[in-house]
Amino acid sequence: ETGVTQSPTHLIKTRGQQVTLRCSSQSGHNTVSWYQQALGQGPQFIFQYYREEENGRGNFPPRFSGLQFPNYSSELNVNALELDDSALYLCASRPNSGANVLTFGAGSRLTVL
Amino acid sequence: QKEVEQNSGPLSVPEGAIASLNCTYSDRVSQSFFWYRQYSGKSPELIMSIYSNGDKEDGRFTAQLNKASQYVSLLIRDSQPSDSATYLCALAGTGGFKTIFGAGTRLFVKA
């Protein structure tokens with residue numbers, strides 16, 4: 001059974017640029033959530049995808065968008081990057097059984113200069 | 001008021017002692033409660049889940065839930081230096097549309 005994998009692990013962008021982060025969910029997991037974790041803070045919920053549809057969203061602006069693919073992998077896209085977008089972006093998947101237990105990937109650390 | 005409140009710490013305990021971590025929440029409809037551990041530079045990993053009032057024990061860990069008081073706690077017995085990490089309290093409502101995390105409590109276990 002494979003875990004949750006994320007790419008890239010680290011990246012540096014400049015203000016105004018766009019970024020795409022990728023996530024492959026764990027086998028048997030059809031729900032994927034994305035979180036933003038700033039230094040010293042807890043993970044903040046961005047949105048969740050279930051069977052390719054967004055079914056929950058946190059307090060993030062529309063320039064944060066996502067996709068889920070038929071194989072349940074997912075992308076997080078952030079447009080018009082701002083300095084405050086610098087953070088660890090975590091992808092987490094949940095099992096098809098509906099249990100709310102999250103399995104996290106190692107994260108993508110984004111630095112915006 | 002934040003949805004999930006935790007004391008940021010750091011909480012420092014000697015090796016072998018009991019570490020007590022606390023969490024309060026504001027949403028009364030929350031159904032599922034979790035404790036995740038996050039080592040520095042790593043991603044969160046689940047330690048305990050609890051769904052009913054009372055205590056739930058798993059090895060050295062005991063989670064306690066009091067829905068009337070909107071309070072969740074985690075006790076770590078016989079604390080070890082390897083328990084030094086940030087402990088995140090999390091909760092989810094019905095439907096599981098989102099899991100909300102607290103800011104975390106940093107725990108240091110001194111050898």
Side-chain angles (χ1 to χ4, degrees), chain A residues 3-7 9-10 21 23-26 29-51 53-60 64 66 68 87-109 111, chain B residues 1-10 21-27 29-52 56 58 63 65 72 74 85-107:
Chain A
V4 178
T5 58
Q6 292 187 243
S7 63
T9 54
H10 296 84
L21 307 178
C23 171
S24 294
S25 63
Q26 183 164 320
H29 290 196
N30 59 7
T31 302
V32 173
S33 304
W34 285 93
Y35 289 83
Q36 179 195 66
Q37 187 174 28
L39 200 60
Q41 301 297 316
Q44 297 296 309
F45 177 75
I46 303 175
F47 44 55
Q48 177 172 283
Y49 280 84
Y50 170 70
R51 292 187 175 180
E53 296 287 332
E54 183 183 296
N55 72 342
R57 190 175 181 93
N59 295 324
F60 281 81
F64 286 78
Q68 187 179 33
L88 179 68
Y89 288 85
L90 294 163
C91 172
S93 68
R94 281 174 44 207
N96 298 351
S97 64
N100 286 332
V101 174
L102 299 176
T103 300
F104 284 89
S108 294
R109 184 162 297 281
T111 301
Chain B
Q1 182 185 10
K2 291 184 180 179
E3 293 183 80
V4 182
E5 299 248 21
Q6 293 183 257
N7 187 327
S8 63
L21 306 164
N22 304 313
C23 169
T24 58
Y25 60 95
S26 59
D27 187 355
V29 300
S30 299
Q31 297 292 318
S32 309
F33 303 85
F34 310 91
W35 285 97
Y36 286 81
R37 178 176 62 198
Q38 187 173 25
Y39 290 114
S40 181
K42 301 295 185 182
S43 57
E45 56 178 342
L46 180 73
I47 301 175
M48 296 280 289
S49 59
I50 186 166
Y51 306 99
S52 305
K56 179 180 178 182
D58 184 0
L65 173 60
V72 191
L74 179 70
T86 296
Y87 289 80
L88 299 163
C89 175
L91 54 87
T94 55
F97 294 116
K98 60 180 179 179
T99 298
I100 302 300
F101 287 81
T105 299
R106 286 178 296 155
L107 172 67

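Under the rule for a side-chain contact (heavy atoms from CB on, under 4.5 Å), the partners of A:Gln68 that lie at least two apart in sequence or sit in another chain are A:Val32, A:Tyr49, A:Tyr72.
Neither the backbone nor the side chain of A:Phe47 comes within contact range of chain B; no heavy atoms are under 4.5 Å apart. Looking at B:Tyr51, the atoms closer than 4.5 Å to chain A (heavy atoms on both sides) all sit in the side chain, from C-beta outward. Residue A:Leu90 touches chain B through its side chain alone, counting heavy-atom pairs closer than 4.5 Å. Contacts between A:Phe104 and chain B at a heavy-atom distance below 4.5 Å involve backbone atoms as well as side-chain atoms. Neither the backbone nor the side chain of B:Glu45 has a heavy atom closer than 4.5 Å to any heavy atom of chain A.
Atom OG of B:Ser43 sits about 11.5 Å away from atom CG of A:Leu102, to the nearest 0.5 Å. The OG1 atom of B:Thr86 sits 8.5 Å away from atom CD of A:Gln37, with the distance rounded to the nearest 0.5 Å.
The minimum heavy-atom distance between A:Phe45 and B:Ile100, with the atom names listed, is CB-CD1, 4.4 Å.
Of the listed residues B:Ser32, B:Ser8, B:Pro44, the one with more heavy-atom pairs under 4.5 angstrom with chain A than any other is B:Pro44. When the candidates A:Gly42, A:Gly107, A:Gly58 are compared by the number of heavy-atom contacts under 4.5 Å with chain B, A:Gly42 comes out ahead.
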query = Can you list the steps and then say if A:Val101 with B:Phe34 is a side chain to side chain contact (heavy atoms under 4.5 Å, CB included)?
reply = CA-CA 8 Å; A:Val101 174; B:Phe34 310 91; 4.0 Å; yes
